[in-house]
There are 2 protein chains.
Amino acid sequence: MADDIFKALADPTRRTILDELTERSGQTLFELCGRLTMKHQLGMSRQAVSQHLAVLEGAGLVRSRREGRYKFHDIDPEPLRHIAERWIGPDTKDGTP
Amino acid sequence: MADDIFKALADPTRRTILDELTERSGQTLFELCGRLTMKHQLGMSRQAVSQHLAVLEGAGLVRSRREGRYKFHDIDPEPLRHIAERWIGPDTKDGTP
DNA sequence: ACTATGGGCAAGTAACTACTTGCCTATCAA
DNA sequence: TTGATAGGCAAGTAGTTACTTGCCCATAGT
């Protein structure tokens, strides 16, 4: 569960996709492809982006809704909210036994 | 910079190492090896753990101090603190055009 | 009907990553 | 000095991952 999230976040292209969906939610696959190419100089095939979106969906970070022949993608930042909490204690621990 | 952090967190063994160092800081390489084997059923060579520690150090998540022939490792959770903030806005945006 | 658009399903390739094995150095105790 | 302990430096391998290419399906416009 957390494994999918961290694996999804490990790729810089996927993080850029999350950035894009944060800035403008409800983008289609083609819309994302265009923005990745234009704004971020990431030239990759449509399938590459599609596969990245699948990974993000599998991790629960992106939700998609289909309308006609369009498929819109939205970010779901909820799983990210407490992802690092396990290592951030209230105070700094030291290992004096 | 953030790339190293996410790449470091992508591996479950490295996350377990961070868990271990959170529970008990200042562990040596051998100490960590023992705990990974005993507590977490992760049977791997000393070098494997050493390489994981190197990745974590490279990401700034672990600091090490050498004393004599021992090398102690401590977690530094600071880089984790605001790592997901870029996707967590104050309110949910919707992309009605 | 036909054609263009938006997207999906593979299978293949190149690059990366985790892990191992073997040897080598440094520190401490006898 | 010898031997044991704690750790480092590669080079090699198996598995994973990101990306491509090619073909196929569905919806929408004419």
Side-chain angles (χ1 to χ4, degrees), chain A residues 2-21 24-38 40-59 61-74 95, chain B residues 3-21 24-38 40-59 61-74 95 97:
Chain A
D3 191 64
D4 297 321
I5 298 176
F6 284 114
K7 284 234 164 74
L9 292 174
D11 188 90
T13 302
R14 284 196 286 269
R15 293 197 298 275
T16 306
I17 291 177
L18 290 183
D19 290 339
E20 262 309 318
L21 290 178
R24 172 180 175 85
S25 66
Q27 295 190 54
T28 65
L29 175 59
F30 274 70
E31 216 171 329
L32 277 167
C33 283
R35 297 198 170 220
L36 290 178
T37 306
M38 298 302 168
H40 304 276
Q41 285 78 40
L42 295 174
M44 35 201 298
S45 70
R46 175 178 55 85
Q47 273 73 6
V49 181
S50 177
Q51 284 163 17
H52 281 307
L53 283 170
V55 174
L56 289 168
E57 274 201 76
L61 296 172
V62 164
R63 306 215 173 278
S64 64
R65 51 199 154 88
R66 183 135 207 178
E67 289 176 21
R69 61 174 163 178
Y70 297 101
K71 192 181 174 191
F72 302 104
H73 300 270
D74 303 281
Chain B
D3 192 64
D4 297 321
I5 298 176
F6 284 114
K7 284 236 165 71
L9 293 175
D11 188 90
T13 303
R14 284 195 286 269
R15 293 197 300 274
T16 306
I17 290 176
L18 290 183
D19 290 338
E20 261 310 317
L21 290 178
R24 174 180 175 84
S25 68
Q27 295 191 53
T28 65
L29 176 59
F30 273 71
E31 215 171 331
L32 277 167
C33 282
R35 296 198 170 221
L36 290 178
T37 305
M38 299 303 169
H40 304 276
Q41 284 78 40
L42 294 175
M44 36 200 301
S45 71
R46 175 178 55 86
Q47 272 74 7
V49 181
S50 177
Q51 284 163 17
H52 281 307
L53 283 170
V55 174
L56 289 168
E57 274 201 77
L61 295 172
V62 163
R63 307 217 173 276
S64 63
R65 52 199 153 88
R66 184 136 208 179
E67 290 177 21
R69 61 174 162 176
Y70 297 101
K71 192 180 174 192
F72 302 104
H73 300 271
D74 303 281

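This is a predicted model, so every value here is computed, not measured. Convention: sequence-line order gives letters A, B, ...; per-chain numbering from 1.
Mapping A/G68 and A/D11 onto DNA chain D by nearest heavy atom places A/D11 closer to the 5' end of the strand. Each of A/E67 and A/A10 was matched to the nucleotide of DNA chain D holding its nearest heavy atom; the match closer to the 5' end belongs to A/A10.
Closest heavy-atom contact between A/S64 and A/E57: OG-OE1, 3.0 Å.
The closest donor-acceptor contact from the side chain of B/R15 to the backbone of B/L9 lies under 3.5 Å. A side-chain donor-acceptor contact under 3.5 Å links B/Q27 to the backbone of B/E20.
Look at NZ on B/K71: it is 9 Å from C1' on D/dG8, rounded to the nearest Å. To the nearest angstrom, P of D/dG7 lies 8 Å from OH of B/Y70. Counting to the nearest Å, the P atom of D/dG7 and the CZ atom of B/R66 are 7 Å from each other. Atom CZ of A/F6 and atom C1' of C/dT17 are 18 Å apart (whole Å).
Annotation: salt bridge (Lys or Arg N to Asp or Glu O under 4.0 Å) contacts of B/D4 (sequence neighbours excluded): none.
The side chain of B/R69 sits closest to D/dA4 out of D/dA4, D/dT17, D/dA28.
At a threshold of 4.5 Å between non-hydrogen side-chain atoms, the residues B/R46 and B/L29 count as touching. Residues B/R65 and B/D74 are in side-chain contact: their nearest non-hydrogen atoms beyond the backbone lie under 4.5 Å apart.
Note: B/R14 CZ to B/L53 CG = 10.0 Å, rounded to the nearest 0.5 Å. Here B/R35 contributes atom CZ and B/D19 contributes atom CG; the two are 12.5 Å apart, rounded to the nearest 0.5 Å.
Residues from residues 42-54 of chain B lying near DNA chain D, meaning a heavy-atom separation below 4.0 Å, are B/R46, B/Q47, B/S50 in numerical order. Within residues 27-36 of chain A, no residue places a heavy atom under 4.0 Å from DNA chain D.
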